[in-house]
Protein chains: 2
Amino acid sequence: MDLQNRQLLLLGLLRIQTMHGYQLNQFLEEHLDFMTSLKPSTAYYTLERMAAEGLVEAHAEQAGNRPTRQIYAITPAGEIRYRELLRRNLASYDPCESADDIGIAFLADLPPEEARQLLAEKRALIQDRLDKILAAEDRVDAASATHLSLERVKRQHQLDLEWLSEVEAWLERALAQEAEPGSAPEP
Amino acid sequence: MDLQNRQLLLLGLLRIQTMHGYQLNQFLEEHLDFMTSLKPSTAYYTLERMAAEGLVEAHAEQAGNRPTRQIYAITPAGEIRYRELLRRNLASYDPCESADDIGIAFLADLPPEEARQLLAEKRALIQDRLDKILAAEDRVDAASATHLSLERVKRQHQLDLEWLSEVEAWLERALAQEAEPGSAPEP
DNA sequence: AATCGAATAGTCAAGTTTGACTAATCAGGG
DNA sequence: CCCTGATTAGTCAAACTTGACTATTCGATT
């Protein structure tokens with residue numbers, strides 16, 4: 001996630017309600033866990049930075065005897081920026097090219113049997129996450145925008161399960177070819 | 001893309017052939033463009049770091065009168081690390097939760113007509129990229145591992161196009177509901 | 001033969017990100 | 001009433017990332 005989307009997300013939340021950093025982070029963890037991996041430290045940094053830019057205003061609050069905390073509220077400049085970022089986000093498309101499947105390119109460097117086992121572990125991980133997403137889907141209003149986002153993540157996981165099957169098939173073929181053509185097995 | 005996958009990628013390439021940084025970056029841009037967004041500076045940094053860790057060895061080379069360049073070769077320690085990283089990569093799954101669709105959550109904050117236009121721009125972008133991927137797919141050996149990776153990216157784009165249709169339908173419904181229930185239109 | 005632009009091969013400062021750490025408060029058990 | 005572990009609310013140094021920049025060489029053009 002890049003800076004712009006992070007700002008968009010935080011501004012969007014502050015627009016709904018003024019909050020302090022910890023509260024924001026709690027909200028992110030509770031409700032947006034499956035969508036973003038915005039770390040607490042990063043959120044604090046982003047808030048400070050936005051405060052310096054005048055997009056949000058912080059005012060210190062003393063609750064009981066706790067360390068004073070900064071309550072952030074969106075400013076008019078922040079509102080304008082919010083709209084800009086929202087427009088940019090809706091009109092753009094860059095699905096982080098994470099190359100998290102780079103290992104596939106080097107699949108042939110491992111003994112096929114081991115590769116098969118490792119891929120089975122990967123499959124289990126995907127399935128696990130998918131189950132969690134399905135459970136979460138039951139809990140959100142089917143007409144909400146959140147549901148749309150969940151739907152996307154769900155399908156991505158389903159797609160990756162299917163794709164993994166093809167990788168496994170590919171591995172099987174490679175294995176068969178290796179055994180087949182009368183070549184002496186190496187010692 | 002995180003550090004580990006970056007190291008895996010660079011080690012994997014250096015295993016095939018010793019190279020200098022610029023050469024690596026060229027290769028990445030030419031052949032792995034659609035898979036990774038590893039920036040040149042980042043590659044240089046990662047190489048230095050791996051050299052410091054003893055995973056690769058650099059030796060300076062003077063070609064003609066050009067500035068001396070560092071030729072990197074993988075070391076035995078690098079080979080071991082390569083296998084570790086490959087195993088970890090194959091067995092893991094964390095599709096960067098980029099929240100690049102975060103804007104959808106705030107879709108209702110824009111006039112529906114404008115939202116529709118912005119989403120149309122997004123659709124055009126996806127289609128564009130998909131076309132490039134399809135073209136690239138024709139050029140790679142259908143039996144290669146690269147083809148598998150391309151296939152995955154392709155389907156992701158197709159999925160996002162389908163998903164976008166649903167977002168548009170959702171927007172349409174929201175728009176209809178707004179018009180419908182005898183509510184006085186606000187001035 | 002001087003020049004202009006592209007390619008080669010990086011370097012670096014400025015900005016970003018995060019894991020580890022701090023420090024106070026509260027809730028509950030012994 | 002004191003201790004312990006969880007929760008609250010961050011801070012910070014160290015590591016990572018990248019856009020902007022440098023400096024040389026080569027090829028082609030005028």
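Please read these numbers as outputs of a predicted model, since none were measured by experiment.
When the C1' atom of D:dT8 is taken as reference, atom CD of A:E29 falls 13 Å away, rounded to whole Å. Atom pair A:L47:CG and D:dA9:C1' shows a separation of 13 Å (rounding to whole Å applied). Following rounding to the nearest Å, B:F27 (CZ) and C:dA9 (P) show an atom-to-atom distance of 17 Å. Note: CE (A:M1) to P (C:dT16) measures 15 Å, nearest angstrom. Atom NE2 of A:H20 and atom P of D:dT7 are 16 Å apart (whole Å). Summarising the geometry, the separation between CG on A:N25 and C1' on D:dT8 is reported as 12 Å, rounded to the nearest angstrom. A straight line from CZ of B:R6 to C1' of D:dT17 spans 8 Å, rounded to a whole angstrom. We find that CD of A:E53 is positioned 12 Å from P of C:dG15, with the value rounded to whole Å.
You'll find that the side chain of B:Y22 is closest to C:dA7, out of C:dA7, D:dT8, D:dC16. If you check D:dT8, C:dT17, D:dA9 against the side chain of A:Q26, the one that comes closest is D:dT8. When distances run from any side-chain atom of A:Y44 to the nucleotides C:dA9, C:dT11, D:dT11, the shortest one goes to D:dT11.
Here the shortest heavy-atom pairing between B:A145 and A:I104 reads CB-O, 3.6 Å.
By the side chain to side chain donor-acceptor pair (under 3.5 Å) test, B:R155 pairs with A:E166, B:E151, sequence neighbours left out. With sequence neighbours excluded, no residue forms a side chain to side chain donor-acceptor pair (under 3.5 Å) with A:D128.
Contact check, A:Q23 against D:dA9: no side-chain N or O comes under 4.0 Å of OP1 or OP2. For D:dG10, neither phosphate oxygen OP1 nor OP2 lies less than 4.0 angstrom from any side-chain nitrogen or oxygen of A:R69.
The list of side-chain hydrogen bond (donor to acceptor under 3.5 Å, both in side chains) pairs with a residue in residues 131-142 of chain B, not counting sequence neighbours, reads B:Q127-B:D131. Residue pairs meeting the side-chain hydrogen bond (donor to acceptor under 3.5 Å, both in side chains) criterion with at least one member in residues 23-33 of chain B, sequence neighbours excluded: B:H20-B:Q23. Within the structure, the salt bridge (Lys or Arg N to Asp or Glu O under 4.0 Å) test picks out the following pairs touching residues 74-83 of chain A (sequence neighbours left out): A:R15-A:E79, A:E53-A:R81, A:R81-A:E84.
The pair A:R152-B:D100 meets the salt-bridge criterion, since a charged nitrogen lies less than 4.0 angstrom from a carboxylate oxygen.
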I'd like a table of atom pairs between the protein and nucleotides 18-20 of chain C - only N or O on both sides, under 3.5 Å - with the distance next to each one.
| unit_1 | atom_1 | unit_2 | atom_2 | d |
| --- | --- | --- | --- | --- |
| C:dT18 | OP2 | A:T42 | OG1 | 2.3 |
| C:dG19 | O6 | A:S41 | OG | 2.5 |

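When heavy atoms are screened at a 4.0 angstrom cut-off, B:Q70 is found touching the sugar-phosphate backbone but no base atom.
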